[in-house]
Amino acid sequence: MEAFFTEWVRQEESLVSSLLAAILSNDLAHQSRLVSLAVAHIESFYLHKSRLAEQDVVQAFYPRYLTPFERTFLWLGGFKPSLAFKFIPPEPASSDTIMHLRRSILAEERDMSKQMAALQESLAARELLEAIRIFDHRRNGDNSMERAATEVGDGLRELLASADRLRLCTLRAIMEALVIKPADVAIFVANAMKFHLNVRRFGLQCDNRGD
């Protein structure tokens, strides 16, 4: 995943550079093509991430390929969907739609946060019980610990998949709301990708200063 992510970020940098140039030149047709490429680029990341989760859900939730600074932004394995609203250009034509959409996304975030908290509580309780009973399990060949780990892993995968779907759905919904003014869609996508790249760069700089 680390090699994929490094190349993915390099491609993201190229896309952002091209998109900013198209915005400056007010080339709406080129902006539209680049926005489509950018969305496909983002979708490719989530597809790759879902494959990683099938093999190692903990790594997908707490990626080692991210810097410590990047990990401070993690919410269920990625950025909070509601963060995307900060990248909308000022005074969009569809401000009412955006406001209602934001409320809906925040409500879904709260629901998922509660699900994660319940899963963590369940995991903590299981760990305590298994710590007490571990000797008997090993002695008797009981595989209940393995079953418990599988259940927790499945729960994490389901929650991660839901969070990633919400992230993508939020991106698409905001773009649809902004389509009244196509230039705003390009600006929104460029702002979101620039933010991600800036977080990445700052995280790497912090790591380099610590070496």
May I have the list of side-chain donor-acceptor pairs in residues 82-104 shorter than 3.5 Å, sequence neighbours left out?
| residue | atom | partner | partner atom | Å |
| --- | --- | --- | --- | --- |
| S82 | OG | E109 | OE1 | 3.1 |
| S82 | OG | E109 | OE2 | 2.8 |
| S94 | OG | A177 | O | 2.4 |

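Nearest heavy-atom pair across Q31 and A22 is NE2-O, 3.1 Å. When all heavy atoms of D184 and L178 are compared, the pair lying nearest together is O-CD1, 3.9 Å. Shortest non-hydrogen contact noted between L156 and L119 is CD2-CD2, 3.5 Å. Nearest heavy-atom pair across L15 and A38 is CD1-CA, 4.0 Å.
Clustering ILVMFWY residues whenever any of their side-chain heavy atoms sit less than 4.5 angstrom apart, transitively, puts L66 in the very cluster that holds F202. Y62 and V199 fall within the same hydrophobic cluster, where Ile, Leu, Val, Met, Phe, Trp and Tyr residues are linked whenever their side-chain heavy atoms come under 4.5 Å apart, directly or through other members. Residues V35 and L28 fall into different hydrophobic clusters, defined by Ile, Leu, Val, Met, Phe, Trp and Tyr side chains chained together at heavy-atom separations under 4.5 Å. Residues Y46 and V58 share a single hydrophobic cluster, defined by chaining ILVMFWY side chains whose heavy atoms lie under 4.5 Å apart. A continuous path of Ile, Leu, Val, Met, Phe, Trp and Tyr side chains, each step under 4.5 Å between heavy atoms, connects L74 with L171, placing both in one hydrophobic cluster.
Taking CD1 of I105 as the start and CZ of R167 as the end, the distance is 11.5 Å to the nearest 0.5 Å. For the atom pair CG (L52) and CG (L160), the distance works out to 9.0 Å, reported to the nearest 0.5 Å. Rounding to the nearest 0.5 Å gives a distance of 7.5 Å between CZ of R51 and NE2 of H48. For the atom pair CD1 of I42 and CG of L47, the computed distance is 14.0 Å after rounding to the nearest 0.5 Å. Atom CG of residue L19 and atom OG of residue S14 lie 11.0 Å apart, to the nearest 0.5 angstrom. A distance of 12.0 Å separates NZ in K80 from OG1 in T170, rounded to the nearest 0.5 Å.
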Q | Pair R10-E7, salt bridge (charged side-chain N to carboxylate O under 4.0 Å, His left out): steps then yes or no | A | CA-CA 5 Å; R10 188 194 66 76; E7 174 60 20; 2.6 Å; yes
Q. Going through the distances and angles, do M1 and D56 end up as a side chain to side chain contact (heavy atoms under 4.5 Å, CB included)?
A. CA-CA 11 Å; M1 183 69 181; D56 186 347; over 6 Å; no
Q: Start with the C-alpha distance between T6 and Y65, add both sets of side-chain angles, then the distance that settles side chain to side chain contact (heavy atoms under 4.5 Å, CB included), and finish with yes or no.
A: CA-CA 9 Å; T6 299; Y65 54 84; over 6 Å; no
(Q) Applying side chain to side chain contact (heavy atoms under 4.5 Å, CB included) to L168 and R172, what does each step give before you reach the verdict? (A) CA-CA 6 Å; L168 278 173; R172 295 191 188 105; 3.9 Å; yes
Q: Apply the test side chain to side chain contact (heavy atoms under 4.5 Å, CB included) to residues E176 and V185: give CA-CA distance (whole Å), side-chain angles for both, the deciding distance (0.1 Å), then the verdict.
A: CA-CA 8 Å; E176 288 174 8; V185 177; over 6 Å; no
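Of the possible polar contacts, one joining the K49 side chain to the G77 backbone as a donor-acceptor pair under 3.5 Å is found. A donor-acceptor pair under 3.5 Å is formed between the side chain of S44 and the backbone N or O of H41.
With sequence neighbours left out, the salt bridge (Lys or Arg N to Asp or Glu O under 4.0 Å) criterion links R33 to no other residue. With sequence neighbours excluded, the residues that form a side-chain contact (heavy atoms from CB on, under 4.5 Å) with T67 are F69, E70, R200, L204, D207.
Taking the six-membered ring where tryptophan is involved, the planes of W8 and F45 are tilted, since the angle between them lies from 30° to 60°.
Two residues are said to be in side-chain contact when any heavy atoms from C-beta on lie closer than 4.5 Å; W75 and M112 meet this criterion. Residues E13 and V16 fail the side-chain proximity criterion, which asks for heavy atoms closer than 4.5 Å. Inter-residue side-chain proximity for F61 and M116 is flagged as met; some heavy-atom pair is nearer than 4.5 Å.
Other residues, nucleotides and ligands contribute at most 12 non-hydrogen atoms within 6.0 Å of the CD atom of E158.
A donor and an acceptor atom, one from each side chain of S162 and R165, are located under 3.5 Å apart.
The residues D111 and K114 are annotated as not salt-bridged, no charged nitrogen and carboxylate oxygen being separated by less than 4.0 angstrom.
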